[in-house]
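Below is one structure, written out as structure tokens; the observations come after it.
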Amino acid sequence: MTSIHRVTPTNHECTGDLSASVPVKAVIFDMDGVLVDSEPIYFEVERSSFAHFGAPMTEEEHHTYVGVTLESMWRQVLDRHQLINTLEEALAYHRKNVMQTITAYEGLMAIDGLERWLDWLREKGIPIAVASSSPRSLIDLIMEKTGLGRYFDIRITGEEVSQGKPAPDIFLYAAELLGIAPDHCIVIEDSRNGVHAAKSAGMRCIGLHNPGSGQQDLSKADHRISSYDDLWALKESLPFGE
């Protein structure tokens with residue numbers, strides 16, 4: 001049974017640039033589209049599942065679901081398209097579809113430049129976590145297939161908190177597990193929902209533009225990058241562990 005961790009929401013939104021004087025003591029990563037370029041795979045699987053249940057899906061609507069939990073996505077799809085299927089039926093079919101696809105997928109790997117960045121954070125002694133809306137079984141599978149599991153001892157799923165992104169719960173819980181105050185954390189996100197969640201948690205946020213994640217509005221992020229090479233160039237200007 002999934003445990004739900006309840007957090008106290010905050011109305012504080014962190015503003016200003018990444019070089020602000022508050023030191024960075026932890027980095028929290030989203031997974032899909034941030035650690036691995038998996039969103040295009042999910043889009044295909046989701047289109048297949050939507051078609052199976054008879055939900056016509058525009059690209060614009062589809063992109064609004066990036067970063068949210070499967071439960072939230074399917075609640076909205078069932079409601080918007082007035083489908084007669086139950087949430088349990090949709091989730092069971094879709095989860096099986098996703099796990100089979102990812103298990104069989106041969107080309108899944110870490111995004112270019114990520115591991116250099118993770119090695120550098122390890123050398124600096126900066127703790128990290130992955131906080132993803134994906135189910136734990138999928139997070140663990142991707143960590144194993146890509147070899148990224150050796151970096152991430154702390155893995156949080158949207159199933160473990162009462163509200164998924166764009167609510168701040170998952171990032172506040174990650175900070176709690178890391179033992180770091182929210183304003184000392186930086187989040188790396190590729191979706192509008194994820195950026196909103198990070199800012200609502202009172203954290204600084206780097207928005208990673210990933211074309212595979214669709215048309216995402218990252219304007220509320222403190223800084224926006226297109227690759228980990230961009231982030232590497234910024235690292236000396238960030239107040240890590242000061």
Side-chain angles (χ1 to χ4, degrees), residues 5 7-20 22-36 38-39 66-69 110-111 113-114 117-118 120-122 124 126-134 139 143 148 151-158 160-161 163-210 213 216-228 230-232 234-235 237-241:
H5 183 81
V7 297
T8 303
T10 174
N11 292 321
H12 172 65
E13 287 202 0
C14 190
T15 58
D17 61 36
L18 290 173
S19 59
V22 178
V24 177
K25 297 183 179 180
V27 181
I28 304 170
F29 294 81
D30 178 37
M31 182 177 72
D32 300 303
V34 171
L35 300 181
V36 291
S38 48
E39 292 293 2
V66 176
V68 304
T69 64
I111 289 178
L114 169 65
W117 176 246
L118 295 177
W120 184 80
L121 290 173
R122 177 181 283 175
K124 296 281 288 186
I126 303 296
I128 64 174
V130 57
S132 169
S133 296
S134 293
I139 295 174
M143 291 291 104
L148 290 174
Y151 293 105
F152 292 98
D153 293 326
I154 297 179
R155 308 172 188 178
I156 305 102
T157 168
E160 296 175 68
V161 293
Q163 295 185 86
K165 303 172 188 178
D169 300 37
I170 193 169
F171 291 130
L172 292 173
Y173 186 33
E176 181 181 319
L177 292 181
L178 287 164
I180 304 294
D183 61 344
H184 288 285
C185 297
I186 278 185
V187 173
I188 303 181
E189 266 285 357
D190 69 317
S191 73
R192 176 187 177 279
N193 289 317
V195 170
H196 186 83
K199 298 305 296 178
S200 295
M203 300 178 181
R204 282 166 284 184
C205 184
I206 296 172
L208 174 60
H209 281 290
N210 186 332
S213 301
Q216 297 295 313
D217 178 7
L218 306 181
S219 60
K220 290 187 179 296
D222 297 283
H223 196 83
R224 292 173 293 282
I225 60 174
S226 297
S227 69
Y228 281 103
D230 291 346
L231 188 56
W232 186 256
L234 288 172
K235 71 181 189 306
S237 66
L238 303 180
F240 280 104

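Basis for what follows: all heavy atoms, side chains included, without hydrogens, waters or symmetry-related copies.
Contact check for Arg204 versus Val24: side-chain heavy atoms found under the 4.5 Å cut-off. Looking only at side-chain heavy atoms (C-beta outward), Ile128 and Ile28 stay at 4.5 Å or farther from each other. Side chains of His223 and Ile225 form a contact here, defined as non-hydrogen atoms less than 4.5 Å apart. Residues Val27 and Phe240 meet the side-chain proximity criterion, which asks for heavy atoms closer than 4.5 Å. Inter-residue side-chain proximity for Leu35 and Tyr151 is flagged as unmet; no heavy-atom pair is nearer than 4.5 Å. Two residues are said to be in side-chain contact when any heavy atoms from C-beta on lie closer than 4.5 Å; Pro182 and Leu172 meet this criterion. Put simply, the side chain of Val68 does not reach to within 4.5 Å of the side chain of Lys165, judged on heavy atoms. Side-chain contact between Leu114 and Leu148 is present, with at least one heavy-atom pair separated by less than 4.5 Å.
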Evaluation steps, salt bridge (Lys or Arg N to Asp or Glu O under 4.0 Å), between Lys199 and Asp222: CA-CA 9 Å; Lys199 298 305 296 178; Asp222 297 283; 2.9 Å; yes
Determine, stepwise, if the pair Gln216 / Asp190 fulfils side chain to side chain contact (heavy atoms under 4.5 Å, CB included). CA-CA 7 Å; Gln216 297 295 313; Asp190 69 317; 5.8 Å; no
Are Asp32 and Ser134 close enough, and set up right, to give a side chain to side chain contact (heavy atoms under 4.5 Å, CB included), and what steps lead you there? CA-CA 8 Å; Asp32 300 303; Ser134 293; 2.6 Å; yes
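Rounded to the nearest 0.5 Å, atoms NE2 (His184) and CD1 (Ile126) are 11.5 Å apart. Distance check, rounded to the nearest 0.5 Å: OG1 of Thr69 to CD of Glu160 gives 12.5 Å. A distance of 11.5 Å separates CD in Glu189 from CE in Met31, rounded to the nearest 0.5 Å. Note: Ile188 CD1 to Ile206 CD1 = 4.5 Å, rounded to the nearest 0.5 Å. Taken to the nearest 0.5 Å, the CZ atom of Phe29 stands 10.5 Å off from the CD1 atom of Ile111. We find the CD1-OG1 distance between Ile139 and Thr157 to be 4.5 Å, quoted to the nearest 0.5 Å.
For Val34 against Tyr228, the heavy-atom pair with the smallest separation is O-OH, 2.8 Å. The nearest pair of heavy atoms linking Val195 to Ala221 is CG1-N, 3.5 Å. The minimum heavy-atom distance between Cys185 and Ile180, with the atom names listed, is SG-CG2, 3.8 Å. For Pro127 against Leu178, the heavy-atom pair with the smallest separation is CB-CD2, 3.9 Å. Closest of all the heavy-atom pairs between Ala201 and Phe171 is CB-CB, 4.1 Å. Shown here for Gly33 and Asn210, the closest heavy-atom pair between the two residues is O-ND2, 3.0 Å.
Taking Asp230 as the reference, nothing meets the side chain to side chain donor-acceptor pair (under 3.5 Å) condition, with sequence neighbours excluded.
With 3.5 Å as the limit, one finds no donor-acceptor pair spanning the side chains of Asn193 and Ser191.
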